[in-house]
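Below, each value reflects all heavy atoms present in this structure, side chains not excepted, and no hydrogens, waters or symmetry copies.
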Amino acid sequence: MANIYDDVVEVARRTMVLFFVVDTSGSMEGSKIGTLNQAVEDVIPEIREISENNADAEIKIAVLEFSSGARWLTPNPVPADGFDWQYLNAVGLTDLGEACRALSEKLSRNSFMSDITGSFAPAIFLMSDGAPTDNYKEGLEQLWSNNWFKKAIKVAVAIGENANKDVLAEFTGSDETVLSVHNPEMLKKMIRFVSVTSSQIGSQSTAVGGGEIDEVKSKQEAFEEQVSAAYEDGEFDVDDDFIEW
């Protein structure tokens, strides 16, 4: 007698790519880049667990650093279960425009969004402590013409007082998705929160609105609601004795 499970096949999961876009300019040298490296490395096991337990999507990770130019550390998105964080060094300028162009080129079905099982819109996490040193407007305009970017969960962390929050808001599309940090402890908390929350929300199937654009828009709204709730709950509070940058 045949086993009733003999014909059961594993349903292929879709992919959700989590992009880390990291400012590695000279002003990030020291505790900023050191804290960032450690915090991202520490949160990877949590992202890996979210992916392993997710019936809807496999989470993959892509890393783009920018300073004097922009460079992909991942030639292709890497499945979370096989991803190891490469420690970044900080030197050079802040070529955000180059980063925008590099990101736009990869946000395509001919490149990073090419999985045959299909892709959810990505989550894009930008971290920077300064202001662009190139003509970023042109690169950002190109990026905002990309439909994958339009539909993505977008968030930026402004590190320290010299981060240009207006420019970061141009990148994410709203002031509410620019999160300010002023010391290492706050940066650690924010990296964990953004990485975990965007992974959880971005990799879920939803039926809101009945269409892809409405679905992804709802994910951005869901992320912003989680940010507001975390602030209200004091999740990002730190002791006053921490040294600020």
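Side-chain contact check for T74 versus I61: every heavy-atom pair is 4.5 Å or farther apart.
The side chain to side chain donor-acceptor pair (under 3.5 Å) search around R48 returns none, not counting sequence neighbours.
The closest donor-acceptor contact from the side chain of S114 to the backbone of N110 lies at 3.5 Å or more, if one exists at all. In this structure, the side chain of N146 engages the main chain of S104 through a donor-acceptor pair within 3.5 Å. Formation of a donor-acceptor pair under 3.5 Å by the N54 side chain with backbone atoms of I59 is not found in this model. With D56 contributing its side chain and Q204 its backbone, the two residues share no donor-acceptor pair below 3.5 Å. Side-chain atoms of S108 do not come within 3.5 Å of backbone N or O of E105 as any donor-acceptor pair. D115 contributes no side-chain N or O that, together with a main-chain N or O of T15, makes up a donor-acceptor pair within less than 3.5 Å.
Side-chain contact annotation: T24 with E65, donor-acceptor N/O pair under 3.5 Å present.
By the 6.0 Å and 45° rule, K154 stacks over the aromatic ring of F149.
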Can you check side-chain contact (heavy atoms from CB on, under 4.5 Å) on W144 and C100, steps first, answer last?
CA-CA 9 Å; W144 268 104; C100 291; over 6 Å; no
In sequence, state the C-alpha distance, the side-chain angles, and the governing distance for I50 and V196, and then conclude on side-chain contact (heavy atoms from CB on, under 4.5 Å).
CA-CA 8 Å; I50 294 168; V196 170; 3.9 Å; yes
Checking N89 against I33 for the side-chain contact (heavy atoms from CB on, under 4.5 Å) test, could you report, in this order, the C-alpha distance in whole Å, the side-chain angles of both residues, the deciding distance, and whether it holds?
CA-CA 7 Å; N89 296 313; I33 197 66; over 6 Å; no
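Between M186 and V181 the shortest heavy-atom distance is SD-CA, 3.3 Å.
Taking the ring centroids of W148 and F19, they lie at or beyond the 6.0 Å cut-off.
Ion pairing between D42 and K188 fails under the 4.0 Å rule for side-chain N and carboxylate O.
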